[in-house]
Amino acid sequence: MDAWLFPVISSRLRGVLGTAGRSCSSAGILSVPVCHPGQLFAAEELLGSDPALEADIQWGASGGSFELRLFSNDSAKLDRLLTELTGILQRDSVRRVRVYTSLQPGPLLRRHLAAGQQEAIAVIDAASRWSSIGLAEQLLGGCPDAGLSLRAERSYCIISGTSAQLASVLPGLTRFADQ
C-alpha cells in the first residue's frame with residue numbers, strides 16, 4: 001500500500017494528478033495493488049461526511065488495483081484521512097473473513113458494487129470465491145424466507161435486499177466476521 005500527500009500542488013504536478021480544472025491546493029493518493037470490497041466501504045464511510053472533499057476512485061472489481069485520489073484546500077485534513085484510511089485497511093487485511101454491510105449504500109457503493117436504488121448490501125469476503133459462497137450459503141440456508149439475493153463475484157459475494165431483510169440476518173453476518 002502506498003500513501004502520498006502533496007500538501008501543495010505545483011503547476012507541474014497538476015496535470016499528473018488530474019487536477020486540471022480543480023481549484024484545490026492539496027492532494028492525497030492511496031494506492032493498493034489489489035482491490036477488495038472493504039476499500040470501498042472504508043472510503044464511503046470516511047468521505048461521505050465531508051461534501052467539500054473531492055475524490056476520484058479507481059477500483060477494478062475483476063481483481064485490478066485500488067486508487068483513491070483526494071483533493072482539498074486543507075492538507076492537514078487530507079493527511080488525517082489518509083492515515084485513518086491506511087489504518088483501517090491494514091487492520092482489515094489481517095482478518096480471515098471480512099464482512100461489510102450497508103443498510104443505506106451511498107453512490108460510491110452503488111456504482112462499484114452494482115447495488116440497486118432500494119437495496120441494502122452485505123459483502124462476504126473470505127479470500128476466495130468458494131469460501132465466500134460457502135459462508136453466504138450457510139447464512140442464507142438458515143434464513144430461507146429472508147428474501148435476500150446472492151451474487152458471486154471474483155473473490156467475494158454480495159447479498160442484497162431491502163434494509164429490513166438485511167437487518168434480519170445481521171447477527172449471522174456478525175458471527176462470520178468474528179471467525
Fill in: Backbone of A55 reached by a side-chain donor or acceptor of R69 within 3.5 Å
no
Discussion item. In terms of relative ring orientation, are W59 and H112 parallel, tilted or perpendicular, with 30° and 60° separating the classes?
Written reply: perpendicular
Practice prompt. Could you grab the distance from atom CG of L150 to atom CD1 of I133, nearest 0.5 Å is fine?
Written response: 7.0 Å
Worksheet item: Taking S132 for the side chain and S155 for the main chain, is one N or O donor matched with an acceptor at less than 3.5 Å?
Response: yes
Practice prompt. Report yes or no: does N73 contribute a side-chain atom to a donor-acceptor pair with the main-chain N or O of S25 at less than 3.5 Å?
Written response: yes
Worksheet item: Which atoms form the tightest heavy-atom contact between Q39 and F66, and what is the distance?
Response: OE1-CB, 3.2 Å
Response to the item:
Tightest non-hydrogen contact, residues S102 and L166, listed as O-CD2, 4.3 Å
Worksheet entry | I121 CD1 to S160 OG distance, which is reported to the nearest 0.5 Å | 8.0 Å
Worksheet entry | Where L108 and L40 come nearest, the two heavy atoms and their spacing | CD2-O, 3.2 Å
Item to complete: Compare all side-chain heavy atoms of I9 with those of L17 and state whether any distance is below 4.5 angstrom.
Response: yes
Worksheet item: Quick one: does E44's side chain have a donor or acceptor within less than 3.5 Å of a partner on L109's backbone?
Response: yes
Worksheet item: Judged by atom type as modelled, is there a donor-acceptor pair below 3.5 Å linking the side chain of S26 to the main-chain atoms of P7?
Response: yes
Worksheet item: Any idea which heavy atoms bring A120 and L103 closest together, and the distance?
Response: CB-O, 3.5 Å
Fill in: Residues Q165, S168; criterion side chain to side chain donor-acceptor pair (under 3.5 Å); working and verdict
CA-CA 5 Å; Q165 290 169 325; S168 71; over 6 Å; no
Worksheet item: Does the W4 side chain pair with the main chain of A27, one donor and one acceptor, at a distance under 3.5 Å?
Response: no
Worksheet entry | Side-chain touch L89/R91, heavy atoms, less than 4.5 angstrom | no
Discussion item. With a 3.5 Å distance limit and no angle check, can you tell me whether S72 reaches the backbone of L53 through a side-chain donor-acceptor pair?
Written reply: no
Worksheet item: Under the 3.5 angstrom rule, does the side chain of R154 hit a backbone N or O of R129 as a donor-acceptor pair?
Response: no
Worksheet item: Does L139 reach the side chain of I159, with side-chain heavy atoms less than 4.5 Å apart?
Response: yes
Item to complete: Could you check if a side-chain atom of L47 sits within less than 4.5 angstrom of a side-chain atom of D50, using non-hydrogen atoms only?
Response: no
